[in-house]
Amino acid sequence: MIDAHEKLDFRVQQWIFKQGWDRLREIQCLAIDPILTGCTDVLISASTAAGKTEAFFLPAISAIAEDKRGVGILYISPLKALINDQDRRLESLADILDLQVTPWHGDSAQGRKSKLKRNPSGIVLITPESLESLFIRDSGWVKSAFQNLKHIVIDEFHAFIGTERGHHLLSLLHRLEHLLGRLKNPIPRTALSATLGELETVPLSLRPNKSLPCKIIKQTQSSASLKMQVKGYIETNTAVGDAVRAEHLVCNDLYELCRGGNHLVFANSRSRTEILAAVLADMCESNAVPNEFFPHHGSLSKEMRETLEARLQQERLPTTAICTMTLELGIDIGKVNSVVQVTAPHSIASLRQRMGRSGRRGGASILRMLITENELTEQSSIVDQLRLELVQSLAMVRLLVANKWYEPADSSLLHFSTLLHQILALTAQWGGIRADQIYSLLCKDGPFQHVTVAHFKCLLSHMGNTELITQLGSGELVLGHAGEKITNHYSFYAVFKTPEEFRIVSGSKTLGTLPVDSLILEGQHIVFAGRRWVVELVDVEKKVILVNRAKGGQPPKFGGAGMAIHDVVRQEMFKILCEGDYKIKVGEHRIEFADETAQSLFQEAAKFFQTANLAKTNFIQQGNRTVILTWAGDKIVNTIVAVLISKGFAAGAFAGIIEIEKADAQDVIDALKSFQTDGTISADQLAKSIPEKAIDKFDEYLPENLLLAGYAARAFDVLSTKLKIKELLTDFVS
DNA sequence: GACCTGCTGCGGTATG
């Protein structure tokens with residue numbers, strides 16, 4: 001192990017020495033052999049700033065140092081900003097070895113791209129979309145430039161797993177191996193990530209056809225400790241005016257906790273981000289101190305975001321960013337003093353990623369969660385009485401800290417939208433291609449292995465009928481009229497969908513953009529970029545909203561869908577309510593991590609849970625309404641709701657609790673019993689009643705039956721639901 | 001009671 005670094009290229013060793021490192025980290029030593037040999041894929045799982053990128057590049061660069069014909073390393077990133085960071089970080093190492101590094105994305109310098117075109121060599125840093133555009137526009141160059149490719153590395157791999165974009169990436173990598181004649185002798189892939197749940201399943205997500213084995217390298221000694229606290233707040237119902245709004249208590253605490261240091265506050269929605277930033281900036285103003293609270297989210301312009309990122313990184317002025325997931329991935333902002341999560345996190349995986357942003361110079365990570373619950377009244381719902389937002393937050397903390405568990409990706413998705421995209425892309429790339437070639441490349445040996453021959457045939461014939469593709473007399477498929485039009489536009493390269501957005505302009509300055517699904521009226525007051533504005537003009541043609549500064553205002557309504565809580569999280573919530581205790585057991589001790597308000601809110605919830613005997617009660621009759629407590633994830637909850645609606649009930653779900661209006665519990669139970677024994681109700685059947693099934697970018701071009709099947713696989717799980725209902729009915733005592 | 005990511009080629013004008 002000590003001598004591992006001696007296998008690296010001499011100049012790489014010199015570079016390590018120059019950095020003043022006394023030795024390589026464990027993961028860096030472990031990565032040397034597998035990457036130098038290049039006979040396996042490698043998965044490197046280690047926390048942020050543990051040196052994952054170097055763990056790959058030190059041996060990979062050593063492996064290509066002697067042979068500079070063509071591009072040797074292909075680095076793929078989900079973000080342009082990461083490519084720019086990586087370009088900067090690789091500069092000194094690449095200089096020593098006289099290696100060319102080329103960042104290649106929509107905004108990178110044309111000069112460096114054309115240099116690579118003339119003289120392909122060294123390292124290319126690229127996005128999946130830019131790689132797709134190279135395939136379609138210049139696959140001949142790709143074939144010659146990458147002929148000598150030794151390694152592919154994917155950064156922030158968790159951001160791809162289970163998504164449309166991830167499937168696109170896998171398809172691109174497979175097409176690359178095919179183009180280079182490397183299907184039998186695959187190019188080794190390395191995946192880097194800090195947040196991977198169920199590690200042993202990840203290699204299949206990296207190479208679904210298993211044509212190479214995968215070596216897993218995991219950081220063992222995690223020296224970093226975690227300090228964490230859940231703080232509770234109560235939203236009072238007293239008359240407007242003298243009410244102590246929980247929001248102000250939250251902001252008072254944020255002001256006290258964050259002022260004077262560097263912090264990240266994750267607020268979960270762009271509108272809440274704007275509200276908190278505005279209130280905190282006002283507090284600075286009324287206290288006559290310089291403002292150090294700024295918003296950061298996807299609707300803000302690149303310039304505003306980059307200014308804030310630079311301010312955080314420089315560490316000259318104390319800075320707190322109130323942000324959405326834009327600051328979750330590894331953009332270079334250095335480490336911050338602490339991370340605050342306001343309202344419950346959406347998933348443990350993202351909580352873990354956020355937590356990793358704090359902890360300076362080997363110090364502890366500090367994470368606080370600020371959770372607000374409503375004051376209880378006679379009319380309070382079960383959700384309020386059970387304090388579900390707080391209980392969910394506590395359960396997530398336990399799963400993160402004690403179980404080290406994160407949500408795995410949903411592997412049941414069919415990705416038909418991306419399959420259609422890839423059929424068009426392949427046809428555009430080759431000019432003409434046979435149906436059986438497409439099938440074997442994408443489905444039989446490629447990443448769409450779940451697609452049946454029948455589905456594939458149906459898709460192709462529908463694409464023919466809609467003029468996306470045309471079959472020549474020779475049997476070859478070429479692009480049809482509609483297919484030409486779609487693939488010729490630059491918007492084709494990305495497989496994910498973006499809603500139309502309006503630009504928000506004040507004077508001559510663009511402040512950012514807003515999705516059009518929010519209704520904005522002239523004269524309306526909005527909060528944007530941390531300030532208040534009044535809308536002067538909405539230009540529908542130019543998609544511009546003109547605004548002026550204003551004194552007061554309501555926040556813009558941002559659109560969006562619901563979220564999916566995993567089975568494991570709901571089971572953990574059930575468990576802590578049953579036990580009446582959420583504290584984490586460490587040896588003989590039980591660690592308290594909630595403040596007094598959060599403790600008493602939890603006690604209220606546990607008392608209600610016990611009094612109503614909810615450990616053993618799944619069906620509750622409340623007047624003429626029936627309530628079902630399943631403690632299952634949202635896929636099962638949604639399936640039960642759809643089943644009940646299909647049987648004529650007025651059912652809905654809130655925070656995982658199913659409510660059926662004007663229904664007798666016994667009738668609901670009978671309906672569920674009949675569903676259980678009825679073999680004819682399938683997920684497809686349930687999906688038929690959904691009015692809008694087109695969700696992904698190319699869904700609108702799919703034949704009805706595939707659209708149905710794709711939606712059904714995403715939203716419903718009939719088998720697990722039947723099992724869950726069996727369990728619920730066994731416990732039922734009428 | 002949601003969030004985020006990415007993409008081209010060309011024509012116009014300004015600047016050195």
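Note on naming: letters A, B, ... go to the chains in the order of the sequence lines (proteins, then strands), and numbering restarts at 1 for each one.
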Novice: Kindly point out which of B/dC3, B/dG6, B/dT8 is positioned nearest to the side chain of A/Ser133?
Specialist: B/dT8
Novice: Checking A/His263 now: which residues fulfil ring pair (Phe, Tyr, Trp, His ring centres under 6.0 Å) with it, not counting sequence neighbours?
Specialist: none
Novice: Calculate the interatomic distance between A/Gln353 atom CD and B/dC3 atom C1'; express it in whole Å.
Specialist: 14 Å
Novice: For the pair made of CG in A/Asn488 and P in B/dC7, what is the distance, rounded to whole Å?
Specialist: 18 Å
Novice: Which is more 5' along DNA chain B, the nucleotide nearest A/Tyr493 or the one nearest A/His296? Just name the residue.
Specialist: A/His296
Novice: Taking atom C1' of B/dT5 as reference, at what distance in whole Å does atom CZ of A/Phe157 sit?
Specialist: 16 Å
Novice: What is the separation between atom CD on A/Glu129 and atom P on B/dT8, rounded to the nearest whole Å?
Specialist: 10 Å
Novice: Rounded to whole Å, please give me the gap between CD1 in A/Ile83 and P in B/dT5.
Specialist: 14 Å
Novice: Would you list the pairs meeting salt bridge (charged side-chain N to carboxylate O under 4.0 Å, His left out) in which at least one residue belongs to residues 124-141 of chain A, sequence neighbours left out?
Specialist: A/Lys117-A/Asp138, A/Glu129-A/Arg165, A/Glu132-A/Arg175
Novice: Can you pull every protein N or O that's under 3.5 Å from an N or O on nucleotides 10-16 of chain B?
Specialist:
none

Novice: Is any side-chain nitrogen or oxygen of A/Thr127 closer than 4.0 Å to OP1 or OP2 of B/dC7?
Specialist: yes
Novice: For A/Arg305, report the nucleic acid contact type (base, sugar-phosphate, nothing); a contact means any heavy atom under 4.0 Å.
Specialist: sugar-phosphate
Novice: If each of A/Asp107 and A/Thr326 is mapped to the nucleotide of DNA chain B with the nearest heavy atom, which maps nearer the 5' terminus, i.e. the 5' end?
Specialist: A/Thr326
Novice: Taking ring pair (Phe, Tyr, Trp, His ring centres under 6.0 Å) as the definition, give me every residue that meets it alongside A/Trp430, ordered by chain and number, with sequence neighbours left out.
Specialist: A/His178
Novice: A/Arg137 has a side chain; which of B/dA2, B/dG6, B/dT8 sits nearest to it?
Specialist: B/dT8
Novice: Does A/Arg165 make a side-chain N or O approach to OP1 or OP2 of B/dC4 shorter than 4.0 Å?
Specialist: no
Novice: Please confirm whether any donor atom in the side chain of A/Ser491 sits under 3.5 Å from an acceptor in the base of B/dG6, or the reverse.
Specialist: no
Novice: Heavy atoms from C-beta onward define the side chain here; which of B/dA2, B/dT5, B/dC3 lies closest to that of A/His346?
Specialist: B/dA2
Novice: Is it true that A/His415 and A/Phe448 have ring centroids separated by less than 6.0 Å?
Specialist: no
Novice: Rounded to the Å, how far apart are A/Glu132 CD and B/dT8 P?
Specialist: 11 Å
Novice: Which pairs, with at least one residue in residues 75-84 of chain A and sequence neighbours excluded, count as a salt bridge (charged side-chain N to carboxylate O under 4.0 Å, His left out)?
Specialist: A/Lys80-A/Asp107
Novice: If you check every side-chain atom of A/His105, which of B/dG6, B/dC7, B/dG1 has the closest atom?
Specialist: B/dC7
Novice: Using the benzene-type ring in the case of Trp, are the ring centres of A/His167 and A/Phe160 under 6.0 Å apart?
Specialist: no
Novice: May I have the distance from A/Leu327 (atom CG) to B/dT5 (atom P), rounded to whole angstrom?
Specialist: 10 Å
Novice: Testing A/Val342, A/Val230, A/Val265, A/Leu249 for side chain to side chain contact (heavy atoms under 4.5 Å, CB included) with A/Leu370, which one passes?
Specialist: A/Val342
Novice: Check ring pair (Phe, Tyr, Trp, His ring centres under 6.0 Å) between A/Tyr493 and all other residues, then give those that pass, not counting sequence neighbours.
Specialist: none
Novice: For B/dC7, is there a stacking contact with A/Phe492, counting only centres under 5.5 Å and planes under 30°?
Specialist: no
Novice: In whole angstrom, give the distance that lies between atom NE2 of A/His167 and atom P of B/dT5.
Specialist: 23 Å
Novice: Give the nucleotide from the list B/dT5, B/dC3, B/dC7 with an atom nearest to the side chain of A/Ser130.
Specialist: B/dC7
